[in-house]
Amino acid sequence: MTEHESWTKKRHLPTDRPVTWVALVGFMGTGKSRIGWELSRYLSLTFIDTDRVIERVSCMRIPDIFELYGEHVFREYETEVVSRCLRLNEVVISSGGGTPLKPENRKMLKSRGPVVMLTASPETIYKRTRRHKRPLLEIGNPTERIRELMAARQAAYEDVASFRVSTDGRNSEDVVSEIVKKLWRWQESSR
Ligand code: S3P
């Protein structure tokens with residue numbers, strides 16, 4: 001059995017998991033989609049990526065929504081999707097990097113369950129995002145832009161997060177196992 005197979009076999013039974021609803025937040029390129037997917041496999045939950053839901057429902061790619069309708073329309077779609085995610089159970093939700101900016105979104109997420117903040121350094125984020133189109137990083141020097149945006153968003157991320165986990169230089173197995181440990185702690189402290 002390969003290492004990956006043995007890890008996947010460690011998936012938790014429904015009675016043996018800390019939560020049945022969890023959201024991931026964090027800057028672009030911190031690994032929300034990848035880690036969210038792996039976490040959902042580990043906990044046997046359904047994975048939902050709010051960016052992909054927006055693209056599916058609007059039949060448009062995010063950069064095109066930004067270009068044709070503007071960021072504010074994208075943000076409205078985002079809030080709508082977040083509000084619908086609250087009604088779901090047995091899910092891991094990966095949000096967009098800007099989702100926690102609206103107080104309304106933070107309030108909704110916090111009221112529903114644990115919110116995990118993923119972090120990474122600006123250099124790692126640059127490496128992870130440079131090949132994929134991210135409308136907000138296309139102005140000026142990308143690493144500078146990442147630093148500026150990260151600084152401007154830090155307080156919003158901190159406000160919504162139940163706890164934070166770094167993804168810098170770590171494999172997903174390692175990150176998922178830290179998240180699961182912290183989810184157990186979160187569950188015990190919120191009893
Ligand atoms: C955004 C992040 C993107 C996407 C959109 C806006 C942001 O999601 O929602 O381009 O404001 O940070 P990822 O964090 O999944 O890249």
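When a ligand or atom number is given, it counts from 1 through the structure's own listing order.
- With sequence neighbours excluded, the residues forming a side-chain contact (heavy atoms from CB on, under 4.5 Å) with Asn141 are Thr143, Glu144, listed by chain and number.
- By the side-chain contact (heavy atoms from CB on, under 4.5 Å) test, Leu101 is found to be paired with Arg153, Ala156, residues two or more places apart in sequence or in another chain being considered.
- Each ring-ring contact (aromatic ring centres under 6.0 Å, His included) pair with one or both residues in residues 51-102, not counting sequence neighbours, appears once here: Phe66-Phe74.
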Atom pairs, nitrogen or oxygen, ligand 1 to protein, under 3.5 angstrom:
from: ligand 1; atom 1: 8 (O); to: Asp51; atom 2: OD2; distance (Å): 2.7
from: ligand 1; atom 1: 9 (O); to: Asp51; atom 2: OD1; distance (Å): 2.8
from: ligand 1; atom 1: 9 (O); to: Asp51; atom 2: OD2; distance (Å): 3.2
from: ligand 1; atom 1: 11 (O); to: Arg75; atom 2: NH2; distance (Å): 2.6
from: ligand 1; atom 1: 11 (O); to: Gly98; atom 2: N; distance (Å): 3.4
from: ligand 1; atom 1: 11 (O); to: Arg153; atom 2: NH2; distance (Å): 2.8
from: ligand 1; atom 1: 12 (O); to: Gly98; atom 2: N; distance (Å): 3.3
from: ligand 1; atom 1: 12 (O); to: Arg153; atom 2: NH1; distance (Å): 2.7
from: ligand 1; atom 1: 12 (O); to: Arg153; atom 2: NH2; distance (Å): 3.4
from: ligand 1; atom 1: 14 (O); to: Lys32; atom 2: NZ; distance (Å): 2.7
from: ligand 1; atom 1: 14 (O); to: Gly97; atom 2: N; distance (Å): 2.8
from: ligand 1; atom 1: 15 (O); to: Asp51; atom 2: OD2; distance (Å): 3.1
from: ligand 1; atom 1: 16 (O); to: Arg134; atom 2: NE; distance (Å): 2.6
from: ligand 1; atom 1: 16 (O); to: Arg134; atom 2: NH2; distance (Å): 3.0

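- A donor atom on one side chain and an acceptor atom on the other are found under 3.5 Å apart for Thr99 and Glu78.
- The shortest side-chain heavy-atom distance between Trp21 and Ile93 falls under the 4.5 Å cut-off.
- There is a side-chain donor-acceptor pair under 3.5 Å between Lys102 and Thr79.
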